[in-house]
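Please read the structure below before turning to the comments.
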Amino acid sequence: MKKLNNKKMIIIWVIVAIIILIGIGIGTYFILKDEYKLTVEEKEWITKNIDAVQNVNVPNNIDIFGSQGSGVLYDFLTDLEQEYSIKINKITYNIGEEVGEGSFKSVYEPSKDDIIFYKGHYVIISKGKKNISSITQLANKQVGILASDENRINQYLNSVSNTLVNVYDTSTSLLEAVNSEEKIEFAIIPLEENLTSILTSNYYIDYHISDLNKYIVYDMKQNDTFSNIIKKYAHKWEEEKLTESINKNELETFVKALSISAKEITNIQAKRYSYGFINNSPYEILSGGNYGGIVSEYLTRFSNFSNVEFTSTRYKSFSKFTEAIANKKVDIFYNYYNLDSKYEEIDSLMNINFVVVAKEDNDLIINSISSLTDQEVYVQKNSLLEKNMTSLGGINLKNYENEKELKKAAKKGKILLLDKQVYEYYRKSFLSTYSIRYSNTLADTYNFYVKGSDTFKLLFNKYIQTLDPQEIIIKGKIGRAHVWTPVTSLS
């Protein structure tokens with residue numbers, strides 16, 4: 001019996017040893033086969049060209065990335081020089097000018113050999129704030145675009161009927177037309193290439209066209225060792241330094257465009273701003289001591305960009321929350337609620353999309369919101385949705401106050417009128433037996449309400465406008481949380 005046990009132990013240890021050796025072998029293989037590790041030939045090339053100067057074309061008119069000899073692309077090339085002791089001659093040019101390979105460029109569609117540094121997008125701007133929730137609202141509107149974008153944008157607008165497109169040769173002439181409002185009401189422009197103009201001229205960003213993109217890329221030379229070295233270093237630099245460089249250069253762009261002094265920036269960075277909220281998933285989530293959710297994505301990005309710190313306070317009841325706002329105990333809050341305050345409103349551009357949902361075995365058909373006349377419908381208490389539905393009249397509105405009460409209404413099979421993101425958040429759990437019967441968008445947006453210095457409000461307002469709400473929703477729902485220490489009030 002002992003011999004059998006010994007044999008079993010030997011077999012087990014042999015198997016364990018084989019697994020360990022296989023693991024070491026696989027690990028060694030991938031280390032040796034690291035496609036971003038410099039080859040012997042590339043290292044030899046660096047040694048041979050230590051005194052040579054490598055020419056790289058860099059755009060000089062893209063805010064944040066390359067403007068007046070500084071920006072993300074310049075940071076990258078400087079770090080590359082220091083990493084490998086390579087000498088680089090940065091040849092500046094303006095977007096629109098023709099340059100060949102071995103250049104940083106702004107392109108509509110990257111090639112398979114391009115090194116992508118950033119994916120940007122287009123925005124719709126106007127002189128006065130307009131509420132746009134869909135690109136289809138440009139139908140029968142006068143819209144200005146750049147001649148260089150004409151084919152791209154006309155193709156994109158094919159599905160929008162009767163858009164009246166006016167073409168301009170330069171950004172200057174296009175923006176002058178926006179400012180005069182004589183010929184055009186809106187302009188469609190790439191955000192990053194026009195950021196300073198948008199900020200200094202106080203244009204409004206009305207809508208982010210998430211899927212109309214432009215990319216900042218490095219156009220590699222074919223069969224070129226230096227281009228291969230750039231590609232490999234870019235992979236490392238993107239992981240370690242890209243985000244930091246974007247935040248630094250973006251802040252410098254905002255500060256300069258908005259004429260904010262160094263002292264004013266120091267003052268707002270020296271203060272901690274208190275954010276107040278009530279749990280409202282997926283917008284506001286408190287989990288494991290961390291604050292997260294969609295709104296957290298806004299605040300986290302602003303914090304990383306500006307080096308401003310936030311603390312967060314959760315209020316367990318609506319009355320406690322409104323009392324804190326009335327007494328100005330918080331510096332900032334996000335308003336889904338039907339409440340008034342003396343705080344300054346800052347538009348997040350987050351449209352209020354809603355759905356009406358019913359149990360799958362309910363044969364309810366809704367062609368318009370008026371179809372709900374005399375129907376008993378549950379909506380969140382004190383919400384902007386409740387306010388808007390109440391103003392319509394005719395609907396027998398009932399309300400729920402929190403997740404627990406929403407679950408009870410769902411369990412009873414009630415018809416629910418929900419924010420679309422709330423429905424999406426719960427549809428795989430206790431709303432799994434519900435389906436959408438109607439959807440629409442209110443002529444309103446969710447907004448931040450802020451108190452504080454004029455500098456803070458100005459910077460926060462302008463920065464929030466540049467964030468694409470659709471991207472914020474996607475990132476926020478993933479669950480990334482800012483590690484703030486929340487203070488939970490007593491109920």
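Side chains included, hydrogens not; waters and symmetry mates left out as well; all remaining heavy atoms used.
In the displayed structure, Gln68 atom CD is contacted under 6.0 Å by at most 12 heavy atoms of other residues, nucleotides or ligands. Counting heavy-atom neighbours within 6.0 Å of Asn89 CG, excluding the residue itself, gives a total above 12. Annotation for Lys462: atom NZ counts as buried by contact number, over 12 foreign heavy atoms lying within 6.0 Å. Under a cut-off of 6.0 angstrom, the local environment of CD in Glu360 is crowded, with over 12 non-hydrogen atoms contributed by other residues, nucleotides or ligands. Heavy-atom neighbours of Glu97 CD from other residues, nucleotides or ligands within 6.0 Å: above the threshold of 12. The 12-atom threshold is exceeded at NZ of Lys271, counting heavy atoms of other residues, nucleotides or ligands nearer than 6.0 Å. With a 6.0 Å radius and a threshold of 12 heavy atoms from other residues, nucleotides or ligands, Lys231 has its NZ atom at or below the threshold. Heavy atoms from other residues, nucleotides or ligands lying under 6.0 Å from NZ of Lys129 number more than 12.
You'll find the side chain of Asn49 stays beyond 4.5 Å of the side chain of Ile86, heavy atoms only.
Under the 6.0 Å distance and 45° angle rule, Lys127 does not count as a cation-pi partner of Tyr204.
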Quiz item: Yes or no on side-chain hydrogen bond (donor to acceptor under 3.5 Å, both in side chains) for Asn228 and Thr225, after CA distance, side-chain angles and deciding distance?
Solution: CA-CA 5 Å; Asn228 288 332; Thr225 302; 5.4 Å; no
Self-check item: Residues Glu386, Ser383; criterion side-chain hydrogen bond (donor to acceptor under 3.5 Å, both in side chains); working and verdict
Solution: CA-CA 5 Å; Glu386 182 186 43; Ser383 66; 5.2 Å; no
Quiz prompt | Verdict with supporting geometry, Phe354 and Ile369, side-chain contact (heavy atoms from CB on, under 4.5 Å) | solution = CA-CA 11 Å; Phe354 70 91; Ile369 202 69; 3.9 Å; yes
Exercise. Under the side-chain contact (heavy atoms from CB on, under 4.5 Å) rule, what do Ile265 and Leu459 come out as? Steps first, then yes or no, please.
Key: CA-CA 9 Å; Ile265 281 293; Leu459 188 63; 4.1 Å; yes
Quiz prompt | Worked check of side-chain contact (heavy atoms from CB on, under 4.5 Å) between Leu146 and Ile153 | solution = CA-CA 9 Å; Leu146 290 169; Ile153 292 179; over 6 Å; no
Exercise. Mind running side-chain hydrogen bond (donor to acceptor under 3.5 Å, both in side chains) on Asp75 and Ser245 for me, showing each step along the way?
Key: CA-CA 7 Å; Asp75 289 348; Ser245 178; 2.7 Å; yes
Practice problem: For the pair Glu193 and Ser106, evaluate side-chain hydrogen bond (donor to acceptor under 3.5 Å, both in side chains) and give the outcome as yes or no after the intermediate values. | Solution: CA-CA 9 Å; Glu193 293 175 27; Ser106 177; 2.7 Å; yes
Quiz item: What do the steps show when you test Ile184 against Leu174 for side-chain contact (heavy atoms from CB on, under 4.5 Å), and what is the final call?
Solution: CA-CA 9 Å; Ile184 61 173; Leu174 172 56; 3.9 Å; yes
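Nearest approach of Ser306 to Gln269, heavy atoms of both residues: O-NE2, 2.8 Å. Nearest heavy atoms, Ile472 versus Ile294: CG2-O, 3.6 Å. When every heavy atom of Ile346 is checked against every heavy atom of Val450, the shortest pair comes out as CD1-CG2, 3.7 Å. Shown here for Ser348 and Pro469, the closest heavy-atom pair between the two residues is O-CG, 3.9 Å. Of all heavy-atom pairs between Ala358 and Arg437, the closest is O-NH2, 3.6 Å. For Ser368 against Ser370, the heavy-atom pair with the smallest separation is OG-OG, 2.7 Å.
Rounding to the nearest 0.5 Å places CD of Glu284 at 3.5 Å from OH of Tyr275. Between the CG atom of Asp206 and the CD atom of Gln465 there is a distance of 8.5 Å, given to the nearest 0.5 Å. Expressed to the nearest 0.5 Å, how far OG1 of Thr163 lies from CD of Gln142 amounts to 10.0 Å. In this structure, Ile209 CD1 and Ile124 CD1 are separated by 4.0 Å, a value rounded to the nearest 0.5 Å. To the nearest 0.5 angstrom, Ser103 atom OG is 10.0 Å from Asn55 atom CG.
Distance alone, capped at 3.5 Å, is enough to place a donor-acceptor pair between the Asp63 side chain and the Thr196 backbone. Using a distance-only test at 3.5 Å, with no hydrogens or angles considered, no donor-acceptor pair links the side chain of Thr445 to the main chain of Asp347. The main-chain N or O of Asp219 is never found under 3.5 Å from a side-chain atom of Asp113 such that the two would form a donor-acceptor pair. Ser303 places a side-chain N or O within 3.5 Å of a backbone atom of Val308 that can act as its donor or acceptor partner. Remark: side-chain polar atoms of Asn280 are not paired, donor with acceptor, to backbone N or O of Tyr283 under 3.5 angstrom. Asn213 places a side-chain N or O within donor-acceptor distance of the main-chain N or O of Ser210, the cut-off being under 3.5 Å. In this structure, Lys232 contributes its side chain and Lys37 its backbone to a donor-acceptor pair below 3.5 Å. Between the side chain of Asn179 and the backbone N or O of Leu175, no donor-acceptor pair lies under 3.5 Å. Side-chain N or O atoms of Ser227 include none that pairs as donor or acceptor with a backbone N or O of Asn223 at under 3.5 Å. Distance alone, capped at 3.5 Å, is enough to place a donor-acceptor pair between the Asp468 side chain and the Gln470 backbone.
Electrostatic pairing of Lys90 and Glu81 counts as a salt bridge here, judged by a charged N lying under 4.0 Å from a carboxylate O. Between Glu471 and Arg301 there is a salt bridge, since a side-chain N of the basic residue sits under 4.0 Å from a carboxylate O of the acidic one. Residues Asp79 and Lys241 are paired through a salt bridge, judged by an N-O separation under 4.0 Å between the basic side chain and the carboxylate. A salt bridge links Glu344 to Lys457: at least one charged side-chain nitrogen sits closer than 4.0 Å to a carboxylate oxygen. In summary, Glu109 and Arg152 engage in a salt bridge, as defined by a charged side-chain N under 4.0 Å from a carboxylate O. Taking a cutoff of 4.0 Å between a charged side-chain nitrogen and a carboxylate oxygen, Glu244 and Lys248 do not qualify as a salt bridge.
Among residues two or more places apart in sequence or in another chain, the ring-ring contact (aromatic ring centres under 6.0 Å, His included) test is passed with Tyr273 by Phe456.
Here the rule is side chain to side chain donor-acceptor pair (under 3.5 Å) with Glu424, and of Gln421, Lys428, Arg427 only Arg427 fits it. The only member of Tyr298, Phe302, Phe448 that meets ring pair (Phe, Tyr, Trp, His ring centres under 6.0 Å) when paired with Tyr463 is Phe302.
Legend: ring pair (Phe, Tyr, Trp, His ring centres under 6.0 Å) pairs involving residues 112-138, not counting sequence neighbours, sorted by first then second residue: Phe65-Tyr118, Phe76-Phe117, Phe104-Phe117, His121-His208. Here ring pair (Phe, Tyr, Trp, His ring centres under 6.0 Å) pairs that include residues 134-193, with residues two or more places apart or in two chains, number zero.
Side-chain contact, Tyr203 with Asn194: no donor N or O sits under 3.5 Å from an acceptor N or O.
Aromatic ring centroids of Tyr291 and Phe310 lie 6.0 Å or more apart.
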